[in-house]
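Order of appearance sets the numbers: ligands from 1, and atoms from 1 within every ligand. Remember, it's a predicted structure, so these values are computed and weren't measured experimentally.
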Amino acid sequence: MHFYVLTLFPELIQTVVSESIIGRAQKKGLLSVTAVNIRDYSEDERHHHVDDYPYGGGRGMLMQASPVVSCCRDVLQKTGAGTRVIYMSPQGKTFDEETARELSLEENLIFLCGHYEGIDERAIELCVTDEISIGDYVLTGGELPALVMIDAISRLVPGVLREGSASEESFSGNLLEYPQYTRPEEFMGLRVPEILLSGHHENVEKWRRKQQIKRTYERRPELLSGAELTKEEKRYLAELRKEDCE
Ligand code: 4GX
């Protein structure tokens, strides 16, 4: 998997992706993250400006179409004309685990990060295939959203995580995770649940599933409609709902 991030702040991208799991995956050759500096495609030989005032007036500056489109076309020449180009924007479709799974099947992905007050609409029209938001709040630039997406997609690439880790977690089965404990058995008067010390594997698994269902019911009930529950688990959920009504 090859990620390309078109940005005015390439160092910001490089420092984040060189660490931890993404850094290790790059060393293993499982993926690559390349930050491409849009400023290198400026038409302004003197000052390398890439922004200008908006037509019609208004606050702030806009990124000009020309350097953005040149930068994007340069990368598309390497990756192929069919490569998806993702523009990070609060106006986009909200990113979720399903979108991460779909995008993890691509060979190459290009992320376009806007700064200032945004990008000349013609660059978006000419280059962008997908407009995506990471949530309903306003950030100062698209770099952090692009990094969030790269992180979520990378962990789904085979070999990046330990076998099985990606499929067992929150959202994969539409259930939140169960609580976890490590040593000591008692901390500040709080004990590890007795069942986890019992060594009875089957009972531990049952307890964990119940905890997942309880947590999801309490914190994210809207997820439950997408969860696959056994007859016994459905009975447990019905019990939780009944207790709430009492
Ligand atoms: N999920 N932003 C893009 C630049 C910008 C300014 C104005 C268009 C118009 C965001 C988000 C996000 C802030 C990224 C504005 N673009 N991106 N940036 N939430 O807030 O993805």
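Considering both main-chain and side-chain atoms, G135 comes within under 3.5 Å of ligand 1 through a nitrogen or oxygen pair. At a 3.5 angstrom cut-off on N or O pairs, E117 does not count as close to ligand 1. Where the criterion is an N or O separation shorter than 3.5 Å, residue side chain and backbone included, Y87 meets it with respect to ligand 1. Below 3.5 Å of separation, one finds no N or O of V138 facing any N or O of ligand 1.
The shortest contact between atom 13 (C) of ligand 1 and any protein heavy atom is with L139 O, 3.0 Å. Protein heavy atom in closest approach to atom 3 (C) of ligand 1: M88 O, 3.4 Å. G118 CA, 3.7 Å is the protein heavy atom nearest to atom 5 (C) of ligand 1. I134 N, 2.9 Å is the protein heavy atom nearest to atom 1 (N) of ligand 1.
Those atoms of ligand 1 with a heavy atom of S89 less than 4.0 angstrom away are 17 (N), 21 (O). Within the listing of ligand 1, atoms 4 (C) sit less than 4.0 angstrom from a heavy atom of G114. Atoms of ligand 1 lying under 4.0 Å from any heavy atom of Y137, numbered from 1 in the order shown and given with element: 19 (N), 20 (O). Using a 4.0 Å cut-off to heavy atoms of G141, the atoms of ligand 1 that qualify are 14 (C).
Ring-plane geometry between Y4 and H2 is classed as tilted, the angle between the planes lying from 30 to 60 degrees on a 0 to 90 degree scale.
Judged purely by atom type and a 3.5 angstrom limit, E106 has no side-chain atom pairing as donor or acceptor with the backbone of M1.
Contacts between S133 and ligand 1 below 4.0 angstrom, taking non-hydrogen atoms only, involve backbone and side chain alike. At a 4.0 Å heavy-atom cut-off, ligand 1 touches I132 through the backbone alone.
Atom CD of Q14 sits in a crowded spot, with more than 12 heavy atoms from other residues, nucleotides or ligands closer than 6.0 Å. Residue-environment remark: CD (E228) stays at or below the threshold of 12 foreign heavy atoms within 6.0 Å.
Between E233 and R209, at least one side-chain nitrogen of the basic residue sits less than 4.0 Å from a carboxylate oxygen of the acidic one, meeting the salt-bridge criterion. Contact check on K214 versus E243 returns no salt bridge, with no Lys/Arg side-chain nitrogen under 4.0 Å from an Asp/Glu carboxylate oxygen.
At a threshold of 4.5 Å between side-chain heavy atoms, the hydrophobic network of Ile, Leu, Val, Met, Phe, Trp and Tyr places Y55 and I119 in two separate groups.
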Enumerate, atom names and distances included, each donor-acceptor pair closer than 3.5 Å involving a side-chain atom of residues 138-150, sequence neighbours excluded.
unit_1: E143; atom_1: OE1; unit_2: H115; atom_2: NE2; d: 3.1
unit_1: E143; atom_1: OE2; unit_2: T7; atom_2: OG1; d: 2.6

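Comparing G92, G60, P90 against atom 12 (C) of ligand 1, the shortest heavy-atom distance belongs to P90.
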Do D120 and R122 pass the salt bridge (Lys or Arg N to Asp or Glu O under 4.0 Å) test, and can you show the C-alpha distance, the side-chain angles, and the key distance before you say yes or no?
CA-CA 5 Å; D120 186 311; R122 293 166 295 184; 2.6 Å; yes
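Smallest separation of non-hydrogen atoms from V128 and D130: CG1-O, 3.4 Å.
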